Amino acid sequence: MKLSPININISADLRLYVIVVGCGKIGLEVATRLSRIGFNVTVVDKNPNTLDLLPEDYGGFVIIGDATERGTMERAKAIKADLLVVTTEDDSTNYFISLVGAKIFGIPRIISLVNDRENIPLFIKSGIDVISPTELTVDSFQNNILEHIEPKVGEKR
């Protein structure tokens with residue numbers, strides 16, 4: 001099932017400069033959607049082949065390089081970023097990039113993918129907003145299950 005993107009037009013004075021690190025399934029979709037609604041987006045990824053997956057209408061920039069290296073983030077103009085979205089599959093890498101973004105480049109908001117639930121408190125304690133695929137999936141299942149429970153005959157809801 002493919003969800004349709006939200007159609008939003010952002011006025012020029014509200015457009016953020018967003019760096020998306022990682023061009024896998026999640027990073028690719030985030031970068032594409034943010035670009036389509038008008039944000040200024042730069043994707044950073046080590047693997048040049050994954051960047052070929054970006055659609056033709058992607059209106060942002062692409063940096064081939066390792067986001068754990070300061071020079072790569074400087075080329076991405078991290079000092080000007082309003083938001084850093086970190087989507088690699090490795091929590092340690094995501095944490096390091098998030099901290100560098102916040103502490104070295106002063107990026108005011110960081111959102112990171114956190115794959116291992118046990119790492120969530122560390123990210124939160126460090127001021128990093130967390131997206132946890134496990135938590136989101138479990139919550140979605142729970143909500144879906146609870147929404148479809150019908151009371152038994154004679155029971156009050």
Side-chain angles (χ1 to χ4, degrees), residues 1-140:
M1 178 175 96
K2 182 163 170 96
L3 299 175
S4 58
I6 298 170
N7 291 322
I8 300 173
N9 290 318
I10 305 294
S11 68
D13 57 331
L14 296 177
R15 288 189 189 144
L16 300 178
Y17 174 47
V18 182
I19 297 174
V20 177
V21 175
C23 195
K25 291 176 188 176
I26 295 171
L28 173 74
E29 191 65 30
V30 170
T32 300
R33 288 186 185 198
L34 292 178
S35 171
R36 285 179 180 157
I37 63 174
F39 288 115
N40 299 310
V41 181
T42 295
V43 171
V44 178
D45 198 284
K46 290 192 279 192
N47 184 350
N49 297 327
T50 60
L51 299 174
D52 293 337
L53 301 172
L54 286 164
E56 286 184 27
D57 67 340
Y58 170 70
F61 294 96
V62 173
I63 302 288
I64 306 296
D66 185 344
T68 64
E69 296 176 2
R70 185 179 185 140
T72 300
M73 294 303 283
E74 287 172 347
R75 285 190 296 135
K77 299 187 179 7
I79 197 80
K80 295 182 177 186
D82 300 298
L83 172 64
L84 174 63
V85 178
V86 188
T87 67
T88 79
E89 295 179 356
D90 182 67
D91 287 356
S92 296
T93 301
N94 291 351
Y95 187 67
F96 180 78
I97 294 168
S98 296
L99 286 182
V100 167
K103 305 295 182 196
I104 304 292
F105 293 101
I107 301 173
R109 182 158 184 230
I110 315 288
I111 305 173
S112 181
L113 187 66
V114 180
N115 296 291
D116 185 341
R117 294 170 68 179
E118 292 180 13
N119 293 331
I120 293 172
L122 174 65
F123 281 73
I124 291 172
K125 185 177 180 183
S126 299
I128 301 164
D129 291 335
V130 170
I131 302 294
S132 167
T134 303
E135 293 293 318
L136 291 173
T137 303
V138 171
D139 287 350
S140 293

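Worth saying up front: this structure is predicted, and the values here are computed from it rather than measured.
Note that CG of L54 is 10.5 Å distant from CD of E29, once rounded to the nearest 0.5 Å. Once rounded to the nearest 0.5 Å, the distance linking CG of L84 with CG of L99 reads 10.5 Å. Rounding to the nearest 0.5 Å places OG1 of T87 at 9.0 Å from CG of L28. A distance of 16.0 Å separates NZ in K46 from CD1 in I63, rounded to the nearest 0.5 Å. In this structure, the separation between OG on S112 and CD1 on I124 is 11.0 Å, given to the nearest 0.5 Å. N94 CG to F96 CZ: the interatomic distance, rounded to the nearest 0.5 Å, is 12.0 Å.
Residue pairs meeting the salt bridge (Lys or Arg N to Asp or Glu O under 4.0 Å) criterion with at least one partner in residues 70-83, sequence neighbours excluded, are R70-E74. Pairs passing the salt bridge (Lys or Arg N to Asp or Glu O under 4.0 Å) check and including a residue from residues 114-139, sequence neighbours excluded, read R109-D129, R117-E135.
At distances below 3.5 Å, not a single donor-acceptor pair connects side-chain atoms of S35 with backbone N or O atoms of A31. Side chain of T72 to backbone of D66: a donor-acceptor contact under 3.5 angstrom is found.
The shortest distance between side-chain heavy atoms of L83 and V85 falls below 4.5 Å. The shortest side-chain heavy-atom distance between I128 and Y95 falls under the 4.5 Å cut-off. At least one side-chain heavy atom of I26 sits under 4.5 Å from a side-chain heavy atom of L113. Residues V20 and V41 form a side-chain contact, since some pair of their non-hydrogen atoms from C-beta on lies under 4.5 Å apart.
Here the closest heavy-atom approach between residue Y58 and residue V43 is recorded as OH-CG2, 3.3 Å. Between P133 and N115 the shortest heavy-atom distance is CG-OD1, 3.9 Å. In terms of heavy-atom proximity, M73 sits nearest to A67 at CG-O, 3.4 Å. Heavy atoms only, all atoms of each residue included: D45 and G24 are closest at OD2-N, 4.5 Å. Nearest heavy atom pair, residue P108 against residue A81, reads CD-O, 3.5 Å. Closest approach of T42 and A76 over heavy atoms only: CG2-CB, 4.2 Å.
For the 3.5 Å distance criterion, the side chains of T88 and D90 fail to qualify, holding no donor opposite an acceptor.
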- request: Step by step, work out the side chain to side chain contact (heavy atoms under 4.5 Å, CB included) result for T68 and I97.
  value: CA-CA 6 Å; T68 64; I97 294 168; 3.8 Å; yes

- request: Report the C-alpha separation of I131 and V114 in whole Å, then their side-chain angles, then the decisive distance to 0.1 Å, and conclude whether the side chain to side chain contact (heavy atoms under 4.5 Å, CB included) test is met.
  value: CA-CA 6 Å; I131 302 294; V114 180; over 6 Å; no

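Put simply, the residue from N119, L122, I120 that forms a side chain to side chain contact (heavy atoms under 4.5 Å, CB included) with D91 is N119.
Checked against ring-ring contact (aromatic ring centres under 6.0 Å, His included), Y17 has no partners two or more places apart in sequence or in another chain.
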